[in-house]
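Order of the sequence lines sets the chain letters (A, B, ...), proteins ahead of strands, with each chain counted from 1. Note that the coordinates shown come from a computational prediction; the quantities given were computed from them, not determined experimentally.
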Amino acid sequence: MKGNEERNRQLGESFRQARRETVVIVLAWLAFLIWTGFVCGFGSQLKQGEEVVTAFGMPRWVFLGVVLPWLAACGFTFWFSMFYMKDTDLDPDRECEANGEEDGQGR
Amino acid sequence: MSILPLLASTPGTGSNSALICFLGYVGVVFVIAFLAGRAGKGKPFVGEYYLGGRNFGMWAFALTYAATLSSGGSFMGFPALIYTHGWSLAWWIGGYMVVPLVALGLFAKRINQVGRIAGAITIPELLRKRFASNQVGNVATLLVLFFMFFYLLAQFKAGAEIMATLFGDVPIYQKAVAAVERTTGEWFWIGSADADYLVCLCCFAVAVVAYTAYGGFRAVVWTDVLQGLVMVVGVLILLGLTLSQVGGLEGATRQLALQTPPEFGKAELELIGKSRDQTLAKGTFLASGDGEVMRLSATAIMEAKEGPQGPFDVLIITGAEQQAQLSDKVESKIVAHVTERIPYAGGAGEKGVYLSAPGPHATKPEGFLPIVLALSFFGFWTFSGAGQPSYMVRQMAFRDTIVLRRSILFVAIFFTLIYLPLIFIFTSARILLPGMEGEADRIMPAMATVVTSNANIPWLAGILVAAPFAAIMSSVDSFLLLVSSGVVRDIYQQNTKRKVSEKTIARLSHWTTISVGALAVLCALNPPEFLQTLIIFASGGLGASFLVPVILALYWKRMTSRAAVAGMMVGAVVMLGCYLKGWSEFGRFSSYNPLDIHPFIWASLANLLVVVRLSISGRKPDRELVERYFGT
């Protein structure tokens, strides 16, 4: 029974960590949606006869509203995957079975 | 002269080398699949064939995920849309900036963990075991099979079209086409397909089905690695060649600012001087007496007689710059007289329309991408991508979370190197290849051929065309496997009472893969015209059915099996309903978007409401079941 309790405790902890990561991801998605929507929504409409302003060869609204947040999203993804996301044991039953074998208890 | 025949391979020209280069690539794919099949021999069949033993490292996992996500839509449909609607597509596809983070970060860790605890190798099986309910598994299986089949059709069509474009008038290919035309011309259903398309469809299907059936998931993943690398390299080379030929991105944007949308119309055609009967191919450039340039929208047969004939459907090129650019391609012995013209409903005659949103649209006065639709696509790409069973199943195959963390970053870089360059390339394509709105789905191979010909390196076209072909193959093989796993694992194994041997399962899996491929070929003989429409319907349907139930199954202890079944069905029905209404309203296979919001969003919201409502009002799930998948 002890093996089961330990297994459930570890699984519960990894579940809560995954849930925390999910909240961060959803907030990040929302932030990039707002950034892109705001800049493209206001910047992409062209009035009749209006000159198109470019940045790095593309329409400026594309650079500020798509390319720049895209690069920022890559930066955020780097931080998230390398520093925020925690490593977890993906197979709690295997470890539990191994422990069970060691102390003579099967699950 | 049509631009596409530039692709045609004639003996002694450089385009033969492009074909050899392309066939060499396909050969390498086969060798890899063969080696993968051998590597999997002697291991337990089911886990190996459908999940590769759950032991993939970063390169294999990240590249198979990215390559599968980048389907024929990314390399055929998406470029066609960029070409047709301009820079607004940058906003349309913008959601991909967070797809790796959302699709992998949201699901992968938990789905892999729950999959291992349940011993599941398919998504329906995972749901079945998570809720300890056969009903959940059966509904999930049926929905996967239904929507995934549309996905397969779209990919088969895209693969066949690329081959048809590449093979052009290679003599042996032409002989095969003629023989097929003589044989199948009168056959029911099959005879209604163009012979060249039929030949290419069969070649493509045999190739992909053969290596998938032989090598299973491991072959699919190993070939995906190669295909993913080919995609990135191909796109980056195409970007370099394109920008160097249009005077840089700034030059292309400046020229694009002067372009206005074409007009649809009808024209009577008149032969000049003595002539004989002529067949004018679809896409032939013609000019009116005052120099207005247009393209034939369908093949036209002209009799050797005086006076105007027709009228025939044409696409009229507007804008003095484009007309001047195309004047040397015009069929000089024919004069066209325009009898009817229909301008674009959105953006007609407006310079700069290709540089701004909502972008031009042939039939919608509000343009291609109204603001609300753009916002809903941001959600559509991220969450419908995350909700696809074919991508979810890959998340059960990585070895550990270190692999996952590195893969998220890798896929983010991969998508950046694919999607941003594609936008730059195909907005520039309007400068290099004007007047291709009538066959926009072929813009990718056409661009590959034209830029390599211009750069005097025609053999490189083989590699560039291999990029979209790789994307299609890597998606088709994955979808084939997903559908066959649905049949074998989720239907046959779940419903058979007796114990089935590994050998029987192996034989059944191989034959199911082959049968599904054959059925897809039959249905793909007469597919809908627009590739991207099918892809959006299928991915939207799968996302609408699975995203909410799977994510809540992984993260919400309170969710019940009854709620899962109802949620999946409501998501699918709302999605189908919007397409049926679109069909009845617009007269073609198209979605109806209430309040300009994509039906995927409505379907997912309905799904969420139903799942939450039924779960809260239902009986609490068994404590033992909850502890098994969530711990304490």
Does any heavy atom of chain B fall under 4.5 Å from the side chain of A:V26, the backbone, both, or neither of them?
side chain

Based on non-hydrogen pairs under 4.5 Å, which of B:F415, B:F107, B:Y96 is most in contact with chain A?
B:Y96

Please classify the contact between A:E21 and chain B as side chain, backbone, both or neither, with a heavy-atom cut-off of under 4.5 Å.
side chain

Assert top hit (heavy-atom pairs under 4.5 Å, partner chain B, pool A:V52, A:D87, A:I25) equals A:D87

For B:F630, does the six-membered ring have the charged nitrogen or CZ of B:R110 within the cation-pi criterion, i.e. under 6.0 angstrom from the centroid and within 45° of the normal?
yes

Turns out that what part of A:V66 lies under 4.5 Å from chain B's heavy atoms comes down to both

Contacting region of B:F383 [heavy-atom separation from chain A under 4.5 Å]:
side chain

So that I can tick it off, tell me whether A:E13 and A:R19 are bridged by a salt bridge, with the cut-off set at under 4.0 angstrom between side-chain N and carboxylate O.
no

Under 4.5 Å heavy-atom distance to chain A, tell me which part of B:I402 shows up: side chain, backbone, both or neither.
both

Check this for me, if you would: do B:R628 and B:E624 make a salt bridge, where the nitrogen-to-carboxylate-oxygen distance has to be below 4.0 angstrom?
no

Determine the option with the most heavy-atom pairs under 4.5 angstrom with chain B, choosing from A:A28, A:G41, A:S14, A:A55.
A:G41

What part of A:F56 is in contact with chain B, defined as an atom under 4.5 angstrom from a non-hydrogen atom: side chain, backbone, both or neither?
backbone

Could you check whether B:E250 pairs with B:R254 (Lys NZ or Arg NE/NH1/NH2 to Asp/Glu carboxylate O, under 4.0 Å)?
yes

Value rounded to 0.5 Å, distance of CZ in B:R394 from OH in B:Y65:
10.0 Å

Proximity breakdown for B:Y629 and chain A, heavy-atom pairs closer than 4.5 Å
backbone

For the residue pair A:T22 / B:Y555, report whether a side-chain donor-acceptor contact shorter than 3.5 Å exists.
yes

Examine whether an atom of B:A90 lies under 4.5 Å from a heavy atom of chain A, and if so say whether it belongs to the side chain, the backbone or both; otherwise answer neither.
both

Can you tell me which of A:A18, A:P59, A:G65, A:C74 forms the most heavy-atom pairs within a distance under 4.5 Å of chain B?
A:P59

Pick from A:F78, A:F32, A:W61: which one has the most heavy-atom pairs with chain B under 4.5 Å?
A:W61

Most contact-rich option vs chain A, by heavy-atom pairs under 4.5 angstrom, among B:L409, B:L404, B:L375, is B:L409

Donor-acceptor contact present, side-chain B:E627 to main-chain A:N8, <3.5 Å
no

Distance-only polar pair, side chains of B:Q259 and B:Q255, donor-acceptor under 3.5 Å:
no

Can you measure from NZ (A:K86) to OG1 (A:T88) and round to the nearest 0.5 angstrom?
9.0 Å

Of the backbone (N, CA, C, O) and the side chain (C-beta and beyond), which part of B:L554 lies under 4.5 Å from a heavy atom of chain A, both, or neither?
backbone

Could you walk me through whether A:T36 and B:W91 satisfy the side chain to side chain donor-acceptor pair (under 3.5 Å) test, starting with their C-alpha distance in whole Å, then the side-chain angles of each, then the deciding distance to 0.1 Å, before giving a yes or no?
CA-CA 8 Å; A:T36 304; B:W91 190 9; over 6 Å; no

When heavy-atom pairs shorter than 4.5 Å are enumerated against chain A, which of B:L355, B:T382, B:I93, B:I371 gives the highest number?
B:L355

